[in-house]
Engineer: 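This is the structure I want to talk about, given as structure tokens.
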Amino acid sequence: MHKFDPAKIEILMNEERKRELEPVGFLRSNGLSSGMAFADIGCGPGFFTLPASEVVGSKGKVYAVDIQKEMLKELQKRNPDQNIHVILSTENSIPVEDAVCDMVFTAFVFHEASDKPAFLHELKRLLRNNGKLILLDWQKKEEEQGPPFEERIDMTETEELMKAAGFKIEEKGNLCASYYKIKGIK
């Protein structure tokens, strides 16, 4: 399974992507609010982490988690607020306490997980009761951008894996022609 190449890091922070995904509005519309604890799993250079920090404010907490040191170094260069806790992790063992997050978020990394059931169980462990997992990933289709077709995972398969991990699916659907979103509750 390929992992995103850190040499292409600026693609993750470009203005076109910000216009397309509108991270602050997206996070708010999916239930993130002031004072919450939020984990951005596969945070990269902070595309969603930095806006989440703004949304949760000084009384909230953001766990910025990635398995690649280069990504976390880029995030640090962006002078993250004090409510952001930068964490180097492994894929299926995230060094964060149990049941501390109101929301766990993962954008465009699920298809990269080598053991998807174990990854989902680890994300669930971080959530408080009734906490939400928001999972974004690439549609299973051929296109120039994004991962190769054979590495993409269909939304229906992702939904079934989330249900098997114990999530109640609250919402699912296409964000655009390239991405889908599934929201599950612990």
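Note that the numbering runs from 1 along the sequence shown for the chain.
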Engineer: Less than 4.5 Å apart, any side-chain heavy atom of Ser178 and any of Glu143?
Structural biologist: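 With C-beta onward as the side chain, the pair touches.
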Engineer: Going hydrophobic residue to hydrophobic residue with side-chain gaps under 4.5 angstrom, can you get from Val24 over to Leu75?
Structural biologist: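 Same cluster: Val24 reaches Leu75 through Ile, Leu, Val, Met, Phe, Trp or Tyr contacts under 4.5 Å.
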Engineer: Whether Lys140 engages the ring of Phe149 as a cation-pi pair (distance to the six-membered ring centre under 6.0 angstrom, angle to the ring normal within 45°) should be assessed.
Structural biologist: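 Yes, Lys140 and Phe149 form such a contact.
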Engineer: When you measure from the side chain of Arg125 to the backbone N and O of Ser93, does any donor-acceptor pair fall under 3.5 Å?
Structural biologist: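 Answer holds: no.
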Engineer: State plainly whether one hydrophobic cluster holds both Leu127 and Leu135, where clusters connect Ile, Leu, Val, Met, Phe, Trp and Tyr through side-chain heavy atoms under 4.5 angstrom apart.
Structural biologist: yes
Engineer: Indicate if Leu32 and Phe108 have the same hydrophobic cluster label, given that clusters are the connected sets of ILVMFWY residues with side-chain heavy-atom separations under 4.5 angstrom.
Structural biologist: yes
Engineer: Can you run down the side chain to side chain donor-acceptor pair (under 3.5 Å) pairs that involve residues 45-56, sequence neighbours left out, and say none if there aren't any?
Structural biologist: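 Output for this query lists Asp40-Thr49, Ser53-Asp81, Ser53-Asn83.
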Engineer: Do you know the tightest heavy-atom contact between Gln139 and Tyr179?
Structural biologist: NE2-O, 3.1 Å
Engineer: About how many Å separate CD1 of Ile87 and CG of Leu72, when rounded to the nearest 0.5 Å?
Structural biologist: 9.0 Å
Engineer: I need the Ile153 CD1 to Leu161 CG distance, nearest 0.5 Å.
Structural biologist: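 If we round to the nearest 0.5 Å, Ile153:CD1 and Leu161:CG are 5.0 Å apart.
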Engineer: Any side-chain heavy-atom pair from Glu171 and Ile182 closer than 4.5 angstrom?
Structural biologist: no
Engineer: Answer yes if the side chains of Ser114 and Glu91 hold a donor-acceptor pair under 3.5 Å, and no otherwise.
Structural biologist: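 Distance-only check passes for Ser114 and Glu91.
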Engineer: Given side chains that start at C-beta, do those of Val104 and Lys132 come closer than 4.5 Å, heavy atoms only?
Structural biologist: no
Engineer: Quick check: closest heavy atoms across Thr90 and Ile67, and the distance to 0.1 Å?
Structural biologist: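 Shortest heavy-atom separation between Thr90 and Ile67 comes out as C-CG2, 3.6 Å.
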Engineer: Hey, could you give me the SG/CE distance between Cys43 and Met71, rounded to the nearest 0.5 Å?
Structural biologist: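 Going from the SG atom of Cys43 to the CE atom of Met71 covers 9.0 Å.
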Engineer: Check whether any side-chain heavy atom of Val55 lies under 4.5 Å from a side-chain heavy atom of Ser34, and answer yes or no.
Structural biologist: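 When only atoms from C-beta onward are counted, Ser34 and Val55 do not touch, as no gap falls below 4.5 Å.
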Engineer: What heavy-atom pair brings Glu97 and Leu126 nearest, and what distance separates the two atoms?
Structural biologist: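 Taking Glu97 first and Leu126 second, the nearest heavy atoms are O-CD2, 4.0 Å.
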Engineer: Mind checking the NZ-CZ spacing from Lys61 to Phe38? Nearest 0.5 Å is all I need.
Structural biologist: 15.0 Å
Engineer: Looking at side-chain heavy atoms only, is the closest gap between Pro51 and Leu27 below 4.5 Å?
Structural biologist: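 Contact flag for Pro51/Leu27 side chains = yes.
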Engineer: Who pairs with His85 by ring pair (Phe, Tyr, Trp, His ring centres under 6.0 Å), at least two apart in sequence or on another chain?
Structural biologist: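 By the ring pair (Phe, Tyr, Trp, His ring centres under 6.0 Å) rule, His85 matches Tyr63.
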Engineer: Roughly how far apart are Glu150 CD and His111 NE2, rounded to 0.5 Å?
Structural biologist: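 Answer for the CD-NE2 pair, Glu150 versus His111, is 11.0 Å.
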Engineer: Output yes when Lys73 and Glu70 qualify as a salt bridge under the 4.0 Å nitrogen-oxygen rule, no when they do not.
Structural biologist: no
Engineer: If you compare all heavy atoms of Leu175 against all heavy atoms of Phe26, which two are closest, and at what distance to 0.1 Å?
Structural biologist: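 Looking at all heavy atoms of both residues, the shortest contact is CD2-CE1, 3.9 Å.
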Engineer: Taking all heavy atoms of Trp138 and all of Tyr180, pick out the closest pair and write down the distance.
Structural biologist: O-CE2, 3.2 Å
Engineer: Evaluate the side-chain proximity of Ile185 to Asn130: yes if any heavy-atom separation is below 4.5 Å, no if none is.
Structural biologist: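 When only atoms from C-beta onward are counted, Ile185 and Asn130 do touch, with a gap below 4.5 Å.
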Engineer: Which pair of non-hydrogen atoms, one from Gly42 and one from Asp66, has the smallest distance, and what is that distance?
Structural biologist: C-OD2, 3.3 Å
Engineer: Do Phe48 and Val109 share a hydrophobic cluster (ILVMFWY, side-chain heavy atoms under 4.5 Å, transitive)?
Structural biologist: no
Engineer: Let me confirm one number: the CZ-CE distance from Phe110 to Met162, rounded to the nearest 0.5 Å.
Structural biologist: 8.0 Å
Engineer: Tell me if the CD atom of Gln145 is crowded by more than 12 foreign heavy atoms within 6.0 Å.
Structural biologist: yes
Engineer: Please identify which of these residues, Lys172, Lys168, Lys183, Lys181, meets the salt bridge (charged side-chain N to carboxylate O under 4.0 Å, His left out) condition with Glu159.
Structural biologist: Lys172
Engineer: Going only through I, L, V, M, F, W and Y residues with side-chain contacts under 4.5 Å, is there a path from Met103 to Phe47?
Structural biologist: yes
Engineer: Would you mind checking if Asp137 and Arg152 are paired as a salt bridge, meaning a charged N to carboxylate O distance below 4.0 Å?
Structural biologist: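 Salt bridge absent between Arg152 and Asp137.
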Engineer: Please lay out, stage by stage, how Leu133 and Lys186 fare under the test side chain to side chain contact (heavy atoms under 4.5 Å, CB included).
Structural biologist: CA-CA 8 Å; Leu133 169 63; Lys186 177 178 177 180; over 6 Å; no
Engineer: Are Arg78 and Pro45 packed together at the side-chain level, in the sense that at least one heavy-atom pair is separated by less than 4.5 angstrom?
Structural biologist: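 Yes; the side chains approach each other to less than 4.5 Å.
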